[in-house]
Amino acid sequence: MADYLKKIILNSIQKILGETFSIEIKLEKPKIKEHGDLSTNVALAIAKQLKKNPISIADQIVQKIEIEKSIIEKIEIEKPGFINFFFSKNFYHNELKNILSHGNDYGKNKFQNKTANVEFISANPTGPLTVGHGRNAVIGDTVANILEWNGYKVTREYYFNDAGRQMKILGESVRLRYLQIGGEKIIFPDDYYQGNYIIEIAEKLKSEFGENLKEEKIFKEKAETEIFSDIKKTCEKLNICFDIFFNEHKLYKEGKTDEIINEFKKNGSAFEKDGALWLSSNILKSEKDKVIVKSSGEPTYRLPDIAYHREKIRKNYDLIIDILGSDHIATYPDVLAGLCALGEKTNHIKVLIHQFVTILQNGEIVKMSTRKANFVTLDELIDEVGSDVVRYFFLMRSIGSHLNFDLTLAKTQSDENPVYYLQYAHARIASIIRFASEQGISLNKDADISVLDSESEINLIKLLTQFPILLQNISINFEIHLLCEYLHNVAGEFHKFYHENRVVTENENLTSARLLLCEATKTVLGNGLKILGISTPEKM
RNA sequence: GCCCUUGUAGUUCAAUUGGAUAGAACUGAAGUUUCCUAAACUUCCAAUACAAGUUCAAUUCUUGUCAAGGGUACCA
């Protein structure tokens, strides 16, 4: 529709200013409905170039426009020089039919045939997932869903490292607790993992192997498998499932990191100093050189990160997405620069940074640290308020906003959570359709919908038809909160329609038409909720 | 110190990335159910941190001040 209009507008402009005149025409959906369905500011832009009165330019453009009356009802010129287009009801009635014919696939873009990799959470298995990880998890999974709806084949990936210093301390923490249980007097260091889950793992070891375990390796391994299994369970509760768990260790084993070191040395990107290997500031966009291999021989995170991303690039995904917390904001440019220095293309790597979640409990900020075990686990939260609420809460805000999560509020006021507003609309529609069928009225897709004429009916249809474009936009800008906002508006518009119009009445034509509008609304709400990973209740 | 985010109703967040009258939710005040789900609807109160600048137009861009979070490691 927008493309069609653009062509016609440009045509008209060229009639006035000559065939060669060219300008980008932006069409926007105005905020208020008095300004029409689509609007353009070209007249303002041209007026600036030509230093003429924008209104008179707009006037000329409109006069030369040739348009089909069945699609555009009227065109208006407004104040500074906007040109506003009003679509016909007929156009929207056809759009409604379109929704109904696509059903559960409405909004899908099937023709892309591309692949994408979305990496998210990627927390090392040193403890249960925290509420902070929850935001990352839900964003990642939803981005993946959006891409799937836009025709991508998506791989969900979790990257972890079980060989670092943290993991060593984790193993030691378990071992000390194990010895403690066995009755030994142990001083448990402050900077070891304090959580109760460590003691539970130690107890499991004791009941499985008795009290005489010596082998250090087994403490760490047990901790890893236990914690990972918990992490997976937590993800399952949120309906999140990974295709690949990628262990950093694989990169060393297969020589991927050595390979990169050699290439860096060869092309002058890296140099040795003080017994360490440094990545030169020449290739980084920073002032300082950065260490990639410590003088101890161990690599810093930069090296395996570069190697890992190179592996992903080599799998030829059309799109590679990293979901990271804001603490990584300074590190990913180094990784990208490193990849460039290796001659890799990074245009298709998209890094989405989300701000942290601040947890408030009883009005106080809770500082979280896995080490100190003063975190609130994601698991607890899900058990408390449910998966739907957790997902919606993390998704409804733009990822760039620092969001405050008031636990006390979330727990006590869960009934007033906005997610129920959406689900209620869905359930309400289901109930209406149920009621109709009890009266012997079933959905008739061939019913005449031109009787849908009132403001609330047309407004609802208008909103529904925006769904596919919205999904397409989100697959490019990844502003997933816009989907939440949109669905909220759909629910609101539906409730308004419901209060102003009775669906099941004596009037058969009207009943059939309104039932179809209900069905279309249910379709859009249902599809949207599915993308958000939220359930679509038939009853509440 | 330097760098990156972010400052919007009492509170938590939006605003099609330069558009027209800044939208919601919660809270507070007042209403709506003999009728398909009142977890709903309808009113009302209320905000762009501060100060300059750029222009037809600034919450959005630039500069400064103030405040919050993160980074600034041979930690991840």
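Within every chain, numbering begins at 1; the chains are lettered A, B, ... in the order of the sequence lines, protein sequences first and strands thereafter.
The residue A:I329 sits close only to the backbone: its heavy atoms come under 4.0 Å of sugar-phosphate atoms, none of a base. Here A:L277 lies out of heavy-atom contact (under 4.0 Å) with every strand. Counting any heavy atom pair closer than 4.0 Å across all strands shown, A:D191 reaches no nucleic acid atom. A:Q466 comes within contact range of no nucleotide atom at all, as no heavy-atom separation falls under 4.0 Å. Within 4.0 Å of A:N84, counting heavy atoms only, lies at least one base atom of the nucleic acid. Contacts of A:E78 with the nucleic acid, taken as non-hydrogen atoms under 4.0 Å apart, include base atoms. Looking at heavy-atom distances under 4.0 Å, A:H495 makes contact with sugar-phosphate atoms alone, never a base. Here A:E493 lies out of heavy-atom contact (under 4.0 Å) with every strand. Using a 4.0 Å heavy-atom criterion, one finds that A:Y498 contacts the bases of the nucleic acid, with or without backbone contacts as well. Among the heavy atoms of the strands lying under 4.0 Å from A:P299 are primed sugar atoms or P, OP1, OP2 only; no base atom is included. A:S326 comes within 4.0 angstrom of sugar-phosphate atoms only, judged by non-hydrogen atoms across all strands, and of no base. Within 4.0 Å (heavy atoms only), A:K29 reaches at least one base atom of the nucleic acid. Contacts of A:K31 with the nucleic acid, taken as non-hydrogen atoms under 4.0 Å apart, include base atoms. Among the protein residues, A:N477 comes within range of no part of the nucleic acid, since none of its heavy atoms lies under 4.0 Å from any strand.
B:A49 and B:A58 have their P atoms separated by 15 Å, with the value rounded to a whole Å. With P as the reference atom, B:G18 and B:A40 are 36 Å apart, rounded to whole Å. The same atom, C1', is picked in B:U16 and in B:G70; the two are 29 Å apart, to the nearest Å. Comparing B:A22 with B:U62, their C1' atoms are spaced 22 Å from each other, to the whole Å. Distance noted for atom C1' between B:A46 and B:G28: 10 Å (whole Å). Only the P atoms considered, B:G19 is 39 Å distant from B:A38, to the nearest whole Å. B:G7 and B:U12 have their C1' atoms separated by 14 Å, with the value rounded to a whole Å.
Side-chain proximity of A:T331 to B:U5, B:C13, B:A76: nearest is B:A76. Here B:U37 is the nucleotide among B:A20, B:G71, B:U37 with the atom lying nearest to any side-chain atom of A:S431. You'll find that the side chain of A:W278 is closest to B:C74, out of B:G70, B:U21, B:C74. Closest contact between the side chain of A:K294 and the listed nucleotides B:A20, B:U37, B:C75 involves B:C75.
A donor and an acceptor atom never sit less than 3.5 Å apart when one is taken from the side chain of A:N404 and the other from the base of B:A68. For A:S39 against B:A20, a side-chain-to-base donor-acceptor contact under 3.5 Å is present. For A:D327 against B:G71, a side-chain-to-base donor-acceptor contact under 3.5 Å is absent. Counting atom types as modelled, A:S401 pairs no side-chain N or O with a base atom of B:C13 as donor and acceptor under 3.5 Å. In the interface, the side chain of A:H499 is not paired with the base of B:U32 through any donor and acceptor atom under 3.5 Å apart.
Checking A:E519, A:E508, A:E457 one by one against A:R514, the salt bridge (charged side-chain N to carboxylate O under 4.0 Å, His left out) holds for a single residue, A:E457. With A:Q423 as the fixed residue, the side chain to side chain donor-acceptor pair (under 3.5 Å) test singles out one of A:N417, A:D388, A:T536: A:D388. Tested against A:L352, the residues A:N136, A:V118, A:I321 include a single side-chain contact (heavy atoms from CB on, under 4.5 Å) partner, A:I321.
Formation of a donor-acceptor pair under 3.5 Å by the A:E538 side chain with backbone atoms of A:H426 is not found in this model.
Between the side chains of A:D322 and A:H328, no donor-acceptor pair is found at a separation under 3.5 Å.
Pairing analysis of RNA chain B (Watson-Crick: purine N1 to pyrimidine N3 plus N6-O4 or O6-N4; G-U wobble: N1-O2 and O6-N3; both under 3.5 Å) yields stems of 3 or more pairs at B:1-7 with B:66-72, B:10-13 with B:23-26, B:28-32 with B:40-44, B:49-53 with B:61-65.
In B:U33 the O4'-C1'-N dihedral to the base is within 90° of 0, which defines a syn nucleotide.
Relative to the six-membered ring of A:F494, A:R428 misses at least one condition, a distance below 6.0 Å or an angle of at most 45° to the axis.
When the side-chain hydrogen bond (donor to acceptor under 3.5 Å, both in side chains) test is applied to A:E28, no partner is found at least two apart in sequence or on another chain.
If you take NE2 of A:H328 and C1' of B:U5, they are 16 Å apart, rounded to a whole angstrom. Separating the CD1 atom of A:I476 from the C1' atom of B:U16 is a distance of 13 Å, rounded to the nearest angstrom. When the P atom of B:C4 is taken as reference, atom CG of A:D334 falls 15 Å away, rounded to whole Å. The separation between A:Q423 atom CD and B:A40 atom C1' is 15 Å, rounded to whole Å.
Phosphate proximity of B:C41 to A:Y424: absent, as no side-chain N or O sits under 4.0 Å from OP1 or OP2. Contact annotation: A:K288 reaches the phosphate of B:A73 (side-chain N/O to OP1 or OP2, under 4.0 Å). Contact annotation: A:K79 reaches the phosphate of B:U21 (side-chain N/O to OP1 or OP2, under 4.0 Å).
Stacking is not found between A:H402 and the pyrimidine-like six-membered ring of the B:A68 base under the 5.5 Å centre-distance and 30° plane-angle cut-offs.
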